[in-house]
Amino acid sequence: MTDEQTQTHFRTCPLCEATCGLEITTKGDQVVRIRGDRNDPVSKGFICPKGSTLKQLHEDPDRLTGPMIRDGETWREATWDEAFAEIERRLSPLLEEHGHQALGVVLGNPNVHNLGGALFLRHVIKAAATTNIFSASTVDQMPKHVSAGAMWGDPSLFPLPDLDRTDYMLMLGANPYVSNGSLVTVPDFPGKLEAIQARGGKVVVVDPRVSRTAQSASEHLFIKPGTDIVWLLSLIHVLFAEDLVDLGHAAQWVNGVDDVRALAERYTPEMAESVCGIKAEVTVRVARELAAAPTAAVYGRIGAHTVTFGTLTSWATDVLNVLTGNFDRPGGVMFCSSPTTKLGGTPGGRGFKTGRWQGRASGRGEVLGELPASTLAQEIETEGEGQIRALVVIACNPVRSFPNSDRLDAAMADLDLLVAVDPYINATSRHAHVILPPLSALERSHYDMTFERTMIRVFAKYSPAVFATSRPDEPEILTRLALVLGGQGAHASAEDAHVAALTQLVEREVASDSSPIAGRDVAEILEMLGAWSWAEQIVDFRLRVGRFGDGFGANPHGLTLKQLVEDFPHGRDYGELVQRFPEATKTTSGQVDLFPEIVANDIDRLLAADFDSDGLVLVGRRHLRSCNTWMHNVDVLVKGKERCTLQVHPSDAETHGLSHGGTAVVSSAVGEVRAPVEVTQDVMPGVVSLPFGWGYDSPGIEMNVARSRPGVNSNALTDDQPLDEPSGTSVLNAIPVAVASVS
Ligand SMILES: Nc1nc2c(c(=O)[nH]1)N[C@H]1C(S)=C(S)[C@@H](COP(=O)(O)OP(=O)(O)OC[C@H]3O[C@@H](n4cnc5c(=O)[nH]c(N)nc54)[C@H](O)[C@@H]3O)O[C@H]1N2
Ligand SMILES: Nc1nc2c(c(=O)[nH]1)N[C@H]1C(S)=C(S)[C@@H](COP(=O)(O)OP(=O)(O)OC[C@H]3O[C@@H](n4cnc5c(=O)[nH]c(N)nc54)[C@H](O)[C@@H]3O)O[C@H]1N2
Ligand code: SF4
Ligand SMILES: [Mo]
């Protein structure tokens with residue numbers, strides 16, 4: 001067809017960590033079709049059912065397209081100038097009277113899927129000038145940051161299971177057939193797991209449910225929720241007891257092996273059997289298989305991290321990777337070597353510290369500059385100097401995604417100022433005084449600054465915006481917000497602020513001796529970035545000074561953003577990850593520390609833990625057609641069978657008088673919900689499961705499709721008191737609950 005208006009666009013799906021390539025066909029301002037981009041060198045056409053719904057999200061009549069200001073119980077549409085002026089009007093007296101500690105900032109998951117969030121949030125955090133910073137990290141991956149920081153000194157350098165080359169994958173608390181992977185970016189994760197098995201390898205899944213991933217694995221082991229740490233230590237025990245430890249090339253740059261051996265001594269497979277419910281002979285066999293496999297990778301995620309011993313569990317997975325010689329080697333776990341990463345250097349650095357300051361009310365220490373999400377309500381409620389009175393919530397729905405959410409709901413309603421940067425009026429933003437909506441994914445450009453760092457191949461891809469718009473993008477919204485928070489006012493020039501920040505970035509780079517643009521003229525570099533939009537200027541800059549970059553002319557055929565646009569619309573694949581250690585070690589000793597202080601300090605808590613409860617415990621789950629707390633407003637994703645069910649094993653259903661299709665009341669230490677019962681062998685006895693992210697029937701939520709199938713909010717049941725201590729992460733799995741039938 002030669003219709004001039006029909007266009008094909010290639011872009012990265014920004015909805016989850018898999019970052020699949022999409023082929024989007026448009027006609028004028030309409031999306032005609034979205035399908036997987038078969039020419040994307042990494043995703044090769046793979047997508048999930050969410051990928052094509054960028055169209056529905058863009059067209060959703062409930063999606064806000066202009067700022068909203070609260071007028072008593074109703075909303076009024078406002079201009080951007082009015083919205084920022086309103087924030088300033090409410091905020092100024094608060095800051096004047098109480099200082100910046102009266103301000104809190106809450107950052108949610110979609111920020112990492114969004115170039116504006118990834119690059120411009122730092123301005124908001126800096127301008128807020130408060131220690132009251134919270135994010136979804138402490139309901140998610142903070143244990144991994146802490147164990148990585150403690151072991152090799154870099155909290156953001158994640159071990160990535162090398163799925164393309166591994167022979168053996170041991171996976172705990174992850175369900176990538178549904179989630180499509182997390183803290184490792186793998187389009188078509190299911191296909192990769194099947195390929196491991198097809199080439200004669202093995203995939204072992206450890207989960208208290210027979211998840212979709214467990215169904216397709218070579219072997220599935222039920223584990224009592226929250227006990228993974230004990231099981232992992234028993235695997236380590238067997239490796240030492242049977243003399244199977246072989247660090248391989250890591251032997252020269254790892255210390256602390258003897259401390260690990262001493263700790264693991266008490267964790268016999270028999271002890272693990274009584275705590276975790278995995279038979280001793282199975283544990284011994286798995287340990288032997290791990291050691292014998294030519295290559296192997298141990299990987300844990302949400303179910304293994306959001307538990308009482310999340311950091312220790314994360315640490316123990318990587319101890320296994322080290323002890324079996326699979327750390328930083330092909331087929332084992334490898335590390336980011338993305339286009340914007342600087343490789344090389346020498347081992348050793350400043351190390352990693354937590355607890356540099358404490359939450360005023362909670363007394364909990366910071367981790368990576370953040371306070372625990374579980375303490376947000378307390379910091380709002382507790383009166384006195386430094387009480388949070390104003391909150392800026394960016395791409396987060398804490399009233400659904402943080403624990404003990406009913407408490408948080410009440411606290412939010414009591415704020416003097418709540419600003420939400422969000423496209424919907426949902427459980428959280430309904431309490432806002434001002435809502436600033438971002439552009440839809442089709443209206444903005446994208447380069448995956450975050451997930452290029454977790455990808456199992458080295459890859460660069462740029463997605464131009466599909467539709468042009470004159471509305472402000474998130475870089476502009478966040479920059480203006482930063483200017484208001486910082487006291488420069490609603491009318492300060494965002495353009496000037498961006499130019500100043502970009503200039504600083506360039507100045508720092510030319511001042512670095514190891515940079516390809518060391519000593520160059522700052523004005524000349526800025527001039528070369530000139531034509532791009534703000535976010536793209538930063539991307540172009542980072543690519544050009546990065547490992548494949550053109551060095552602004554120093555390496556004429558090197559990578560630039562222009563080159564990606566013109567020559568690589570499907571993305572440029574630079575191949576497999578390269579080895580990064582020992583150079584990547586940033587501990588003060590310059591060695592990878594197998595038994596770091598942060599871990600040692602948490603061992604007494606582990607030794608004192610009582611794993612003996614025999615009541616029911618609740619775990620979460622995700623569904624392929626969901627995305628955390630916000631995509632249930634897409635009709636094609638929510639239609640069909642009821643998904644927000646309480647899964648119960650037949651034996652427990654019988655004990656508690658529950659019947660399939662009936663309703664159960666589920667209660668915990670903090671709350672109660674009523675949910676439809678699904679009796680199934682897919683959960684282990686003693687475990688019940690509710691999905692996460694539902695609950696759309698609260699007054700004021702304006703998401704009409706979701707409201708018609710509201711489901712229940714599982715975070716009404718999760719307790720905000722227990723934490724994974726080293727990381728401040730909430731305990732979202734293995735929650736003690738009681739169930740009863742509602743007649
Ligand atoms: N019980 C329990 N609780 C959990 C979990 C669990 O497994 N069980 N999982 C946890 C995990 S892993 C995470 S990451 C968190 C996620 O929870 P949150 O961090 O709250 O993230 P989301 O629910 O993905 O989205 C938050 C908000 O971002 C908005 N949004 C979507 N796109 C954009 C955008 O482009 N820009 C802006 N500004 N806003 C946007 C959505 O409308 C939504 O209101 O929940 C955690 N909570
Ligand atoms: N479709 C879809 N995809 C998503 C999301 C989504 O909401 N929907 N959310 C995205 C986000 S923000 C994240 S962080 C990732 C998360 O991705 P995953 O980490 O893969 O998360 P889940 O799919 O929740 O799988 C967690 C598994 O842990 C199990 N589990 C619970 N408790 C325990 C335990 O104590 N021990 C063990 N061994 N297992 C346990 C659960 O039964 C569940 O099968 O998914 C991302 N992708
Ligand atoms: S798997 Fe994730 S990135 Fe791929 S299409 Fe689905 S939502 Fe998008
Ligand atoms: Mo997450």
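Ligands are counted one by one from 1 in listed order, and the atoms in each one are counted from 1 as well. Position 1 is the first residue of the sequence, and the numbers go up from there.
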(message) Within 45 degrees of the ring normal and closer than 6.0 Å to the centroid, is that where the cationic atom of Arg70 sits relative to Trp75?
(response) yes

(message) I'd like to know if the side chain of Thr138 reaches the main chain of Ser135, judged simply by a donor and an acceptor atom lying under 3.5 Å from each other, with no hydrogens or angles considered.
(response) yes

(message) I need the atoms of ligand 2 closer than 4.0 Å to a non-hydrogen atom of Asp228, numbered in the order shown.
(response) 34 (C), 35 (O), 36 (N), 37 (C), 38 (N)

(request) Looking only at distances, please establish whether an N/O atom of ligand 2 is found under 3.5 Å from an N/O atom of Arg625. (result) no

(message) Closer than 4.0 Å to some heavy atom of Val178 - which atoms of ligand 2 meet that?
(response) 1 (N), 2 (C), 3 (N)

(message) Test your reading of the model: is there a side-chain donor-acceptor pair from Lys224 to the backbone of Phe611, 3.5 Å cut-off?
(response) yes

(message) With a 3.5 Å distance limit and no angle check, can you tell me whether Ser714 reaches the backbone of Leu690 through a side-chain donor-acceptor pair?
(response) no

(message) Ignoring hydrogens and geometry beyond distance, is a side-chain donor-acceptor pair present between Ser405 and Asn715 at under 3.5 Å?
(response) no

(request) May I ask whether Leu624 places a heavy atom under 4.0 Å from ligand 2? (result) yes

(request) Mind checking ring pair (Phe, Tyr, Trp, His ring centres under 6.0 Å) for Trp534 and listing every partner two or more places apart, or none if nothing turns up? (result) His498

(request) Kindly confirm or rule out an N or O of Pro225 lying under 3.5 angstrom from an N or O of ligand 2. (result) no

(message) Only heavy atoms of Gly226, strictly under 4.0 Å: list the atoms of ligand 2 that pass.
(response) 34 (C), 35 (O)

(request) Please confirm whether the backbone N or O of Val112 pairs with a side-chain atom of Thr450, one donor and one acceptor, at under 3.5 Å? (result) yes

(request) Check whether any N or O atom of Val206, backbone or side chain, sits under 3.5 Å from an N or O atom of ligand 2, and answer yes or no. (result) yes

(request) Would you mind running through ligand 2 and noting each atom that sits below 4.0 Å from a heavy atom of Lys50? (result) 1 (N), 2 (C)

(message) Using the salt bridge (charged side-chain N to carboxylate O under 4.0 Å, His left out) criterion, which residues pair with Asp724? Sequence neighbours excluded.
(response) Arg605

(request) Run through ligand 1 for me and note each protein residue having a heavy atom under 4.0 Å from it, chain first, then residue number. (result) Gly108, Asn109, Pro110, Asn114, Ala136, Val139, Asp140, Ile302, Ala395, Cys396, Asn397, Ser401, Val421, Asp422, Pro423, Tyr424, Asn426, Pro438, Arg444, Glu474, Arg622, Asn628, Thr629, Trp630, Phe692, Ser714, Asn715, Leu732

(request) Under 4.0 Å from a heavy atom of His623: give me the atoms of ligand 2 that qualify, with their elements. (result) 1 (N), 2 (C), 8 (N)

(message) Do the side chains of Arg709 and Asp697 get close enough for a salt bridge, i.e. N-O under 4.0 angstrom?
(response) no

(message) Going by the rule side-chain hydrogen bond (donor to acceptor under 3.5 Å, both in side chains), which residues pair with Arg471 if we only count those two or more places apart in sequence or in a different chain?
(response) Glu443

(request) Check whether any heavy atom of Ala304 sits under 4.0 Å from an atom of ligand 2. (result) no

(request) Using atom types as modelled and distance alone, determine if a side-chain donor or acceptor of Asn633 lies under 3.5 Å from a backbone N or O of Val705. (result) yes

